[in-house]
K.L.:
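My questions will all concern the structure given below.
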Number of protein chains: 2
Amino acid sequence: MSQLHTIGEAAADSGVSAKMIRHYEKIGLIGAAERTEAGYRLYGPAEIHTLRFIRRARNLGFSVDDIGELLGLWHDEKRASKDVREVAAGHLGALRAKAAEILSMIDALEHLIAGCTNDNRPDCPILKDLSNDANPALAKEVGHKFGYQRVC
Amino acid sequence: MSQLHTIGEAAADSGVSAKMIRHYEKIGLIGAAERTEAGYRLYGPAEIHTLRFIRRARNLGFSVDDIGELLGLWHDEKRASKDVREVAAGHLGALRAKAAEILSMIDALEHLIAGCTNDNRPDCPILKDLSNDANPALAKEVGHKFGYQRVC
DNA sequence: CTTGACCTTCCCATGATGGGAAGCCCTATC
DNA sequence: GATAGGGCTTCCCATCATGGGAAGGTCAAG
């Protein structure tokens, strides 16, 4: 009848689990939901819209803190688009840093694996690299010099 | 005199924090250290070598579980190099998946930011995208169709 | 009226790491 | 010898987003 939904329906409609909806309420990301007399939470279209917003932002990797800011800007008619851009750009920078870190791990690991004989012999350049005191595999504090042993 | 070091020295020598050395001992990644009569942990060259091994593997992004396996293979003279390769390859696959995920977030976010006027007007395509029910920003469950609005 | 599916709250776990408190130990200095 | 400091010990808590599960209340269909 009414457009009010229980938490399970809101979860299915928004893609945010019921568990997380309650969690977002507890940490104050979203306001406390209306309740039935029995204490069941109720969600209207606006709340579900907000939940979808949150899910999309999470899909883009925004932290809950960032999303709180984005929600504030979303509801602020006088917001400046550059304020939103700033949040997004900050997150983009973090994503790029993370990607660079992972890509350099991938690069290092590919080199190590390429040197592996992949057979039953015990000789293994991967372990050699990891145990070699002279060779700081991807050591962050040394910078990336990439002096990989190609033992086998 | 002896080549035994306290946990602080071992930490400085290995690049693993004292906190984490104790943690690794507690979870069984490394054996319990010798102790002085006063209860201070003592580390010899072999232990510090192991700690360096652990740090290098962590720098490559291996999980502590993976490192436990690698340590076992490292100490196993009869290991097959393909066993090591398998652990490394599994981790490499996980890294590649993570990288792909982050890169697709970066891609999506770059598109959104590129559409932003970056001024004081309230119109903002980033928020529009996040709030648009018809546009599942980077929605994992829909696959990546990338139908970004270029509103401003 | 029972059954099963839903809801509630509360606690615990993840993984790797750090912060901090309370208290013991050791060494150097006065 | 007493004291100051820095390092060591253990223990608990926090992060961050998420889920599992228990114990118990609610509701609709049979």
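In the text below, chain A, chain B and the rest are named by the order of the sequence lines, each starting its count at 1. What's counted below: heavy atoms across the whole structure, side chains too, no hydrogens, waters or symmetry copies.
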K.L.:
Using atom CG of A:L4 as one end and atom C1' of D:dC27 as the other, report the distance to the nearest whole Å.
P.N.:
17 Å

K.L.:
Are OP1 or OP2 of C:dC7 and a side-chain N or O of A:T6 less than 4.0 angstrom apart?
P.N.:
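So the side-chain polar atoms of A:T6 do come within 4.0 Å of the phosphate oxygens OP1 or OP2 of C:dC7, strictly under.
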
K.L.:
Does B:Y24 reach a base, just sugar-phosphate, or nothing at all? Heavy atoms under 4.0 Å.
P.N.:
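Result for B:Y24 = sugar-phosphate.
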
K.L.:
Considering only heavy atoms, which members of residues 10-18 of chain B lie under 4.0 Å from some atom of DNA chain D?
P.N.:
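Listed by number, there are none.
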
K.L.:
Is the shortest side-chain heavy-atom distance between A:E69 and A:D65 below 4.5 Å?
P.N.:
no

K.L.:
Take the protein atom NE2 of B:H23 and the nucleotide atom P of C:dT14, then report the distance between them rounded to whole Å.
P.N.:
10 Å

K.L.:
Is it true that A:R41 and A:E47 make a salt bridge, defined as a side-chain N closer than 4.0 Å to a carboxylate O?
P.N.:
no

K.L.:
Pick the closest DNA chain C nucleotide for A:L42 and for B:Y40 by heavy atoms, then say which residue is nearer the 5' end.
P.N.:
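Checking each residue's closest nucleotide, the 5'-ward one belongs to A:L42.
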
K.L.:
Are the side chains of B:F62 and B:V87 in contact, using a 4.5 Å heavy-atom criterion?
P.N.:
yes

K.L.:
Which nucleotide wins on minimum distance to the side chain of B:R22, given the candidates D:dT9, D:dA17, C:dA16?
P.N.:
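Of D:dT9, D:dA17, C:dA16, D:dT9 is nearest to the side chain of B:R22.
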
K.L.:
For A:R35 and D:dC27, give me the distance from atom CZ to atom P, rounded to whole Å.
P.N.:
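That distance rounds to 14 Å.
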
K.L.:
Can B:K19 and B:E25 be counted as an ion pair, charged N to O under 4.0 angstrom?
P.N.:
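A salt bridge is absent here (no side-chain N lies under 4.0 Å from a carboxylate O).
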
K.L.:
Salt bridge check: are B:K98 and A:E101 linked by an N-O gap of less than 4.0 Å?
P.N.:
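Salt bridge absent between B:K98 and A:E101.
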
K.L.:
Whole angstroms only, please: what is the NZ-P distance between B:K98 and C:dG15?
P.N.:
15 Å

K.L.:
Among the candidates D:dT9, C:dT8, C:dT17, find the nucleotide nearest to the side-chain atoms of B:R58.
P.N.:
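It is C:dT17.
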
K.L.:
Taking only the side-chain heavy atoms of B:S63 (C-beta and beyond), determine which of C:dA16, D:dT10, C:dT8 contains the nearest atom.
P.N.:
C:dA16

K.L.:
What is the distance, to the nearest angstrom, from the CD1 atom on A:I7 to the P atom on D:dC27?
P.N.:
16 Å

K.L.:
In terms of relative ring orientation, are B:W74 and B:F53 parallel, tilted or perpendicular, with 30° and 60° separating the classes?
P.N.:
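Parallel.
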
K.L.:
Write down the distance between CD1 (A:I27) and P (D:dC16), rounded to a whole number of angstrom.
P.N.:
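Taking CD1 of A:I27 and P of D:dC16, I get 10 Å after rounding.
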
K.L.:
Starting the side chain at C-beta, find the nucleotide from D:dT18, C:dG20, D:dC27 nearest to A:A38.
P.N.:
D:dC27

K.L.:
Using whole Å, what does the distance between atom C1' of nucleotide D:dT9 and atom NZ of B:K19 come to?
P.N.:
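Rounded to the whole Å, the gap is 11 Å.
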
K.L.:
Distance check needed: C:dC7 P versus A:M20 CE, whole Å only.
P.N.:
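Rounded to whole Å, this separation is 17 Å.
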
K.L.:
I need the A:H5 NE2 to A:S14 OG distance, nearest 0.5 Å.
P.N.:
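Going from NE2 on A:H5 over to OG on A:S14, the span is 10.5 Å.
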
K.L.:
For the side chain of B:R41, starting at C-beta, report the closest nucleotide among D:dT9, C:dC7, C:dT8.
P.N.:
D:dT9

